[in-house]
Amino acid sequence: MIRASGLRKSYPGFDLRVADLRVPEGSFITMLGPSGAGKSTLLRLLAGMEAAQDGVLERRGRAVYLDQDNIVLERNVIDNAVFGLRLMGVASAEARRRLRPWLARVGLAERLRQPAAKLSGGERARLALVRALATEPDVLLLDEPTQSLDPKNVAMVEALLREAHTRGRSVVLVTHNLHQARRLGEETWLLLDGRIVEQAPTETFFASPRSREAKAYLAGEMVY
Amino acid sequence: MDVPLGEIWEIAWRSLRIAGAATFLAALFGLPLGVWLGARPRRGGGSARVVLYAAMGLPPVVVGLFFYLLLSRSGPLGKSGLLFTQTAMVMAEAVLAFPMIAGFTAAGVRARAANVRRLVRGLGGSEKQVLTTLLWESRRPIVAALAAGFGSAISEVGAATITGGDIRHHTRVLTTAVVLETRKGELRSALMLGLVLLGLTLLVTAVLVVWGERE
């Protein structure tokens, strides 16, 4: 669970202010907004990777943040996959044992010894996701994990996210894909110029948005 | 051939020891500085990097002259008696290898720092884990930096001549011996010494690269 109030993060040309937000246990939140709205910054603040200049942030449980670049280390697939568990102090053999079913599930079982840098974008996305999921976090903070993936890989990533959610994990997913936000989210936030301008149950958000900005955003009009 | 085979190996062994010691000394200070400059989470350190990169082009003869003035009888460290010794050569070569090691290390670490920090911190790791992961991920550029430092030390001739004096059985190294034999017109000896120098550089670099490529 994450709760924040009065969060502020500013740097030249940008000012993020979040009056109040809550990521309840077991929730699935999709975050929308144009590029530069502050989605990634907010996600990093929630993950504790950046410090807010003002405000209160309360986080219960372990949160992991997944970057949109699906970063891999200069190691082979299995060593990348176990990296999250190794950071937590899990022994190498045990971490490998735990990861094998995950890697088999995302179609990487045959490529364990291959350098991760040689994987395709979709494979890297799957690897990054199972690396995080294997650590059994309480909250998943995901920054456009399916950007530039083909439909098959998107479906595979979404299936993993749904399963994690079913198992009680909270998920905050940043996406530019309105269909994906609607498919997966229970609650949707719209961020604009560093402010959350609409925060509503996903069905309500898409069916009857309240704010002028949300209506314009969903209509595909330029609101920034 | 003017230089007996036994003496060639003696010179080669001396070159290896002096260049190795200089590389070790330069790495002792250059690696931590390079890692620190490259791993800084905030922007900055630009001036230090500019100075380091510029120092990669330090003229060896100027470095040699500096140590000559420092260690000569009338210099501030004249009483140390270090001029025309292997120690003086190590010091001068270390100064030449230092910017190579620090500069290449900083560039290699810097290229990886942002991604490694985002990954490790994103997975809940500590700043200490960021640093250890960054060091391991930067092993290849660090090895390249060490190889470049060693290469600059062992192939150096100007500073070695000025600080060592090219004294037979004492401070003569492969580069200074090549110059001497060429001047004497003993081109076969010069060529032989040059080949040994090339082989030695290749061998040490190969050992470093194989070591750095380990998974």
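Chain letters run A, B, ... following the sequence lines, proteins first, then strands; residues in each count from 1.
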Would you say [atom1] of [X] has more than 12 non-hydrogen atoms from neighbouring residues, nucleotides or ligands within 6.0 angstrom?
{"X": "H169(B)", "atom1": "NE2", "value": "yes"}
{"X": "E94(A)", "atom1": "CD", "value": "yes"}
{"X": "Y53(B)", "atom1": "OH", "value": "yes"}
{"X": "E58(A)", "atom1": "CD", "value": "yes"}
{"X": "Y68(B)", "atom1": "OH", "value": "no"}

With a 4.5 angstrom heavy-atom cut-off, could you sort out which part of A63(A) is near chain B: side chain, backbone, both or neither? backbone
The interface call for A132(A) against chain B, heavy-atom contacts under 4.5 Å, is both
If we only count heavy atoms from C-beta on, is the [X] to [Y] side-chain gap below 4.5 Å?
{"X": "R112(B)", "Y": "E74(A)", "result": "yes"}
{"X": "R118(B)", "Y": "D69(A)", "result": "yes"}
{"X": "L119(B)", "Y": "R131(A)", "result": "yes"}

Atom CG of L123(B) and atom CE of M49(A): how far apart are they, to the nearest 0.5 Å? 9.0 Å
So CG of L73(A) and CG of N115(B): to nearest 0.5 Å the spacing works out to 9.0 Å
Between R75(A) and E137(B), is there a side-chain N and carboxylate O pair less than 4.0 Å apart? yes
Note: vs chain B, highest number of non-hydrogen pairs under 4.5 angstrom among L141(A), I71(A), D67(A) is I71(A)
